[in-house]
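Input: a single structure, listed below in structure tokens.
Lettering follows sequence order; numbering is per chain, from 1. This is a predicted model, so every value here is computed, not measured.
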Amino acid sequence: MGKKEREYNFFNDVYEVVKLIPKGRATSYGAIAAYLGTKMSARMVGWAMNAAHNDKTIPAHRVVNRNGQLTGRFHFKAPTTMQYRLEKEGVKVKDDTIVDFSKVFWDPHKELY
DNA sequence: AAGGTGACCGGTT
DNA sequence: TAACCGGCCACCT
């Protein structure tokens, strides 16, 4: 098995959850890690998103940090891309932070089974 | 082969 | 309020 394939298998669980985030909602790195179990740390979720950043099938813009900040914005094509995509879905962003994040927040632990 | 490094997090100072 | 700390764990050098 090649390196690229192994990498994809390893991060696959993260990608599957990210793909389930509904339009107009967002979750956090830590929430995904908690949902997947103790083996996966929030840092690893960030690493997985980094590895996936050109995959158009993964809505990476819907993953932010626990405070709703768009900490991953510099990894997009332009630093404004992440905010643009969120606002296009009706999510308001101010000062690189999602407005009313608690209402936009999508917790995989509660919304998935 | 060992140590540095994250698109992080919760708690403490 | 902001800075810091320890835990996290696969990757990279």
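Within residues 72-85 of chain A, the residues approached by DNA chain B to less than 4.0 Å at the level of any non-hydrogen atom are A:G72, A:H75, A:F76, in residue-number order. The stretch residues 97-105 of chain A does not touch DNA chain B, since none of its heavy atoms comes less than 4.0 Å from the strand.
Summarising the geometry, the separation between CG on A:N12 and P on C:dA10 is reported as 16 Å, rounded to the nearest angstrom.
Using a 4.0 Å heavy-atom cutoff across all strands shown, A:A48 reaches no nucleic acid atom at all.
A:Q83 and A:H61 share no side-chain donor-acceptor pair at under 3.5 Å.
Note on residues 73-94 of chain A: no pairs pass ring pair (Phe, Tyr, Trp, His ring centres under 6.0 Å), not counting sequence neighbours.
Looking at residues two or more places apart in sequence or on another chain, you find a side-chain contact (heavy atoms from CB on, under 4.5 Å) between A:K19 and A:E16, A:T57, A:I58, A:P59.
Not a single donor-acceptor pair under 3.5 Å links the side chain of A:T81 to the backbone N or O of A:P79.
Counting only heavy atoms from C-beta outward, the side chains of A:W47 and A:N50 approach each other to under 4.5 Å.
Both A:I21 and A:M49 belong to a single network of hydrophobic side chains, linked directly or stepwise wherever heavy atoms of I, L, V, M, F, W or Y lie under 4.5 Å apart.
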Side-chain donor-acceptor contacts of residues 101-110 of chain A below 3.5 Å, not counting sequence neighbours, with atom names and distances?
{"unit_1": "A:D107", "atom_1": "OD1", "unit_2": "A:H109", "atom_2": "N", "d": "3.0"}

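For A:S41, taking side-chain heavy atoms from C-beta onward, the closest of the listed nucleotides B:dA7, C:dA10, C:dC8 is C:dC8.
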Just the atom pairs and distances: protein N or O near nucleotides 9-12 of chain B's N or O, under 3.5 Å.
{"unit_1": "B:dC9", "atom_1": "OP1", "unit_2": "A:G30", "atom_2": "N", "d": "3.1"}
{"unit_1": "B:dC9", "atom_1": "OP1", "unit_2": "A:R66", "atom_2": "N", "d": "3.4"}
{"unit_1": "B:dC9", "atom_1": "OP2", "unit_2": "A:R66", "atom_2": "N", "d": "2.9"}
{"unit_1": "B:dG10", "atom_1": "OP2", "unit_2": "A:R66", "atom_2": "NE", "d": "3.4"}
{"unit_1": "B:dG10", "atom_1": "N7", "unit_2": "A:R66", "atom_2": "NH2", "d": "3.1"}

